[in-house]
Structures are given as C-alpha cells and as structure tokens.
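Just below is one structure, and these are the notes that go with it.
Keep in mind that this is a model prediction, so the values were computed, not measured. Here is the naming used below: chain letters follow the sequence lines, and residue numbers restart at 1 for every chain.
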Amino acid sequence: MTAATLTPTFAPAGSAAVELDGVVKSYGSHRALDGIRLAVRPGEFVALLGPSGCGKTTALRALAGLESIDEGRIEIDGRDVQDLPTNRRDIGMVFQSYSLFPHLTALENVEFGLRMRKVARAERRARALESLALVGLDERGGRFAHELSGGQQQRVALARALVTRPRVLLLDEPLSALDAKVRVSLREQIRRIQTELGITTLFVTHDQEEALAVADRVAVMNAGRIEQIGTPEELYRTPATAFVADFVGLSSGLPGELHGDTVELYGTRLPVLPGETVPDGAVRVAVRPEDVRFTDAADGIPATVVSSSFLGSLRRTVVRLDDGVLLSVQHDVGQAFTAGDGIRFVFAGSPVRVGEDTSRGIRRA
Amino acid sequence: MSRRRPASELAPRGLTRGLILGLVGLLWAVPIVGMIEFTLRGGLEGGHTFDRWVLVFTGGLDASYKPLWTALGNSLVLAAVTVVIVLVLLVPTMVLVHLRFPRLRRPLEFLCLLPITIPAIVIVVGLAPVYSVVARIFGSGTWTLAFAYGILVLPFAYRSIQANLDAVDVKTLTEAARSLGASWGTVLIRVLLPNLRRGLLAAAVIAVAVVLGEFTIASLLNRNNLQTALVVLNKDDPFIAVVFALLALLFAFVLLVLIGRFGAPTRRRTE
C-alpha cells in the first residue's frame, strides 16, 4: 500500500480547539506516532479510529500529557501545552478501564475535580449533582463503584470528566469493556451530551461502527500516521487509501487490472476514485457489498453461494467466484439463498479504491 | 444438580478441619498456658497467686523495675520511628517504581527481601561501623536503632504493600486523578493512600511486632529495648519478666485483630 500523502482537513488557522502538529513519539525503534497532524474545531466531535497498535491511544495520551513526545507541537485553545503537566491542561478524560476512585461515592468522585479547583462546598455539591443528572445517575450519588454496573461506572466517569467544564474531553475507548447493548446506548448518550454542552471531544476507538455513528469527523490511523480525516460519509464513499477502504466499512478485495482512471474487474470496467497513486497493472480492488447486484442476465459473472446471513433489514451473502475469490454482496431480504446455489452478479458501477496487489489470492472477502 | 468446586472439595471438612485446628491451637497454646501458669506460681510455698499481675497493674513494682519501663518506652518509640521510616521512604518509592519505573520492580523486590536471608548477627557486623557514623550525626539515642529496624522490617512491609499495589489499578487511578487536576502529592494522599490502607496497616503492624520482639541487634549494639530489658530482668525476677513477655504478646495480638477489623476495604453503604 502506498504511504498516504494527504493533507488533513485543517480548520482555519487559529480557530482550532486542539491541534497536534508533527507529533512524533518513539518507543525504542518503534515509532508509535509518526508526525501526526490533527486539528479539531471548537465543539467538534472527532474520533481517532484504527487497529490496535496504530498509535491512536498514544496520540490521546500525548494530548493529555500522560506521554511525553519526542517532536512536534500540541496546542489546546491556541496555547502550547507541551510544558504543562496533565493536571494543568484543563482536560476531562474517561478511560477504558474503570477508573472511579473505589474509596469515594459516585457523588464524591464527581466532586473530586471541583475540589482540586477549590470550588466552595455548596457549589461543588450542586454542580456534581447536576453533572450526575446529565448522565441520569443523580439518584445513585451515594453508591460506591462496586455497587454500580460497568455502564453506570463509565457514566459516572463521564460526569466526573465533564463537571469541571474542561476545554477538551478525551475518551479513551470508554465503551470497550461494556456489553453490546449498553455500548450502543452509552455512545448515543455521549453524543447527546457532547452536542448539548458543545464540548470539543476526541474519542479513541477501534470500532468503526462506533466511530462512524457518533463522530462529526473521523481520523483513520495506521502505523502511527493519520491516513485520512473526514466525515463518516467521506471516509465510506471516497476512502483516500486502500487501507481506509479496507478498514472503514465492509469491502471485499478482488484482483483487478488498473488502466489510468479505470480498473478492469472480471470483464467490467469501473471508475477509480480520484487521487490514486498506484501504478497501472495488477491491483487489489476494494468492492463494497452494496455495490454488487445479483442478476439473471447471461452475461453476469458466475459464482457459488458460500453463506447467507439475515441482518434484519437486509441480507448479506458471501459468494465464491470461479477463481476461488470470496465476495460479499448486500441485498434485499426478499432474495434468499442457500449454500451451494449458483448465482450471477454484476458490479453496480460505483467508483472504487484500489491498492497495490501485494496479496492477490491471499486476502479474500 | 451439584456444581463442581474443586478448590472447596480439596479443603478438609468437618472433623478433619476441627482436628487440624485443635492440634495447631494446642501447639500454640501449650507455651502460652505454660507461661501464664508460671507467672501464677506461689514460689517455694507452692500454690497459685495473682499477686504479680496485681503488682504490675497497680504500679506496685519498686524502683528496681524502672529500667523495664524505660525499655518499654524505648521499644514503643522505636516501633513508631520504624513505621514512619517505612511509610515515608518505602511507600513513595514503591509507588514511584510501580508507576514510572516498572523495570526496577524486580531489583527493588530483591533488595527489600534481602534482609530476611541475612542472619541478624551478620547484619550487626555490617551495621557496627555504620552506627559509629550514625552516632556521630544523630547521637547514640536508642531511637537510632530504628534505622536498622527499618531495614529489618523491609521484607514484611514490602510484601504487604506490594500485594495491595497489585490489587489496585494504581496507574489508571493516578492518571484519572491527574486529569482531574490533582498534583502528585494530592494523588498520593487523597487517592493512593486510602486505597492502599490495608497494605499500609499490615506493614505498620508487622513492623511494630518485629520491633517489639527484636533482641539480637539491640543487644549487640548495646541499646536498651524491651527484649534486652526482659533478659536482664529474667535473671532477677523471671516471674515479672514472663508477665511482660505475655503482655507484649497480647499487644501484638490486639494489633493483629485491629488490622483485621479496620484494614478491611471500605464497605460504607449510605443508602
């Protein structure tokens, strides 16, 4: 895959609430952050998305001052914070693991940040209760962490992070320890509160569905670099690199032949998304499951059904082409198949992203 | 349907458990009961009397027992200074190593456990020249023994504090407190110490117990503590010496009970 040569969508100079510029962090010979550039506008919700080890958590921790950086500049509200210790950066943070202080009640936990800022007792209590009410837990203020469920603990942690009205809210995979249903409801709650308060937020996650669902913009990270920053739609529809195409949303990798701005795929010519840097020749083409249609026409490409999954409002069927390559197809629930069925399909003609074919015949579906 | 619970199945049941507990209890009880009986003996006339216990508790012991009271005072001061040394030096060091220098954990553990492998007599041989320097700086007060005792209690204090450190997510709690605006001092006092309470209490009590029972180092460095005084007293009045030995045992026992009671994790329920 080619190295991304993208310029992140920067906010106009001076208006960024958070800015990371050329940030480098190495652990021995491993570069965890390789010149990160990221600007977050005031009130914006940006997700850092990437596989484990891509540097997303390191970037967040560097911003929080929990990791030192080797090179680059970090600004919060236009102020260089590099020399400021964590406790003076005015941030709110929610961690992946449960971080409530076990010896304090939920209310006392939420009061902690205000106590550090020497807020008077009466005001402290009132603001802490208000913050707990924001996450719907004002009735549980007297409980200790061990008396709360995982989801409730993370909600108290969120209330605790928000009560001081920090300049930036940092969320380090706060939902990953929770079960699926709680995860979805809590992420919606986080988004609602963030919109209500208009607080600049950075959210680290490895779950693309989560990132696409809540963020205004998503920064996809790989190997210590940001591959692309954009709205969820931009990332999905016009992935800047094959990595982004592969990582965001579901896509199948098919062998094709690149000719300038088109790619030939099993006899079909498809347009290639602009900005391609891969040389002509054999490439790997990322095809979204919704960009494939079943057909009865005799010129359709033949394949055999491997499996078919019912997903509620739609169905996803995996088919095997004659050369053994697997392809995912998303279609109407009305069309049902069983394994072994012979079908024909065509490509819908949407533009595709291609990558260097380093894995032909290995990476499938 | 019965669920398989291997651990509890391996544990002895009913009669066996009672038998084991009884035997161990007897083993512990024999010397203590023997000591109590000894203090009650009526001397040459025979019979048993509580006179000596009454003497001790009514302040009826004459001036010849004064060194014993002084020694008891010395031991209590030594215990307090040793606990302070452990809390002020060892705890922050262990927290720092745990958070910032995890690679130093093994060397620190080795260093802290080392004193348990070295016989007290060998430690004294090493300490003698050190104490000639210590005496020049701090004088030759008995309390200076606490420096040596600080080393002596390291293995026990280290173990109890480390077990507590491992049971608490110190890193996340620290980072959470830091992100909320807490300075390092505040993190230690308001967040870590309350959550390490059990380990710290255990370390403190064990330190007190070790100091109250220490004889070799005090004797060889010519300092006067409870144990050395008891040995001296034993030559004059073995009965009163045993009364005090029993009281020291009781004190250590009460301390252990207290730690079990107040060292348990907080389970306040306010609603």
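- Minimum interatomic distance between Arg190(B) and Pro194(B) (heavy atoms only, all atoms of both residues): O-CG, 3.3 Å.
- Below 30°, between 30° and 60°, or above 60°: for His30(A) and Tyr27(A) the angle between ring planes is below 30°, a parallel geometry.
- Only the side chain of Thr186(B) comes within contact range of chain A, with heavy atoms under 4.5 Å apart.
- No donor-acceptor distance shorter than 3.5 angstrom exists from the side chain of Glu210(A) to the backbone of Arg187(A), with no hydrogens or angles considered.
- Heavy-atom proximity under 4.5 angstrom to chain A picks out Asp169(B), Lys171(B), Thr172(B), Leu173(B), Glu175(B), Ala176(B), Ala177(B), Arg178(B), Ser179(B), Leu180(B), Gly181(B) from residues 145-181 of chain B.
- With no hydrogens or angles considered, no side-chain donor-acceptor pair links Thr205(A) and Glu173(A) at under 3.5 Å.
- At a 4.5 Å heavy-atom cutoff, the contact between Arg117(A) and chain B is made by side-chain atoms alone.
- The closest side-chain heavy-atom distance from Ser176(A) to Asp207(A) is not below 4.5 Å.
- Listed for the Gln153(A) side chain is a donor-acceptor partner under 3.5 Å among the backbone atoms of Ala145(A).
- Taking a cutoff of 4.0 Å between a charged side-chain nitrogen and a carboxylate oxygen, Arg73(A) and Glu75(A) qualify as a salt bridge.
- Remark: His98(B) engages no residue in a side-chain hydrogen bond (donor to acceptor under 3.5 Å, both in side chains) (not counting sequence neighbours).
- Minimum interatomic distance between Val211(B) and Asn225(B) (heavy atoms only, all atoms of both residues): O-ND2, 4.4 Å.
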For this session: Would you sort out whether Arg105(B) and Glu109(B) count as a salt bridge (charged side-chain N to carboxylate O under 4.0 Å, His left out), showing the intermediate values?
Result: CA-CA 6 Å; Arg105(B) 194 178 146 177; Glu109(B) 184 177 14; 5.2 Å; no
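- Residues of residues 52-71 of chain A having a heavy atom under 4.5 Å from any heavy atom of chain B, listed by number: Arg61(A), Leu66(A).
- Applying the salt bridge (Lys or Arg N to Asp or Glu O under 4.0 Å) rule to pairs touching residues 161-172 of chain A yields Asp90(A)-Arg167(A), sequence neighbours excluded.
- Within the 3.5 Å criterion, the main-chain N or O of Ile217(B) finds a donor-acceptor partner in the side chain of Glu214(B).
- Heavy atoms of Phe95(A) lying under 4.5 Å from chain B belong exclusively to its side chain.
- If you measure heavy-atom distances from Leu170(A) to chain B, you find no contacts under 4.5 Å at all.
- Interface residue Ser99(A): backbone and side-chain heavy atoms are both found under 4.5 Å from chain B.
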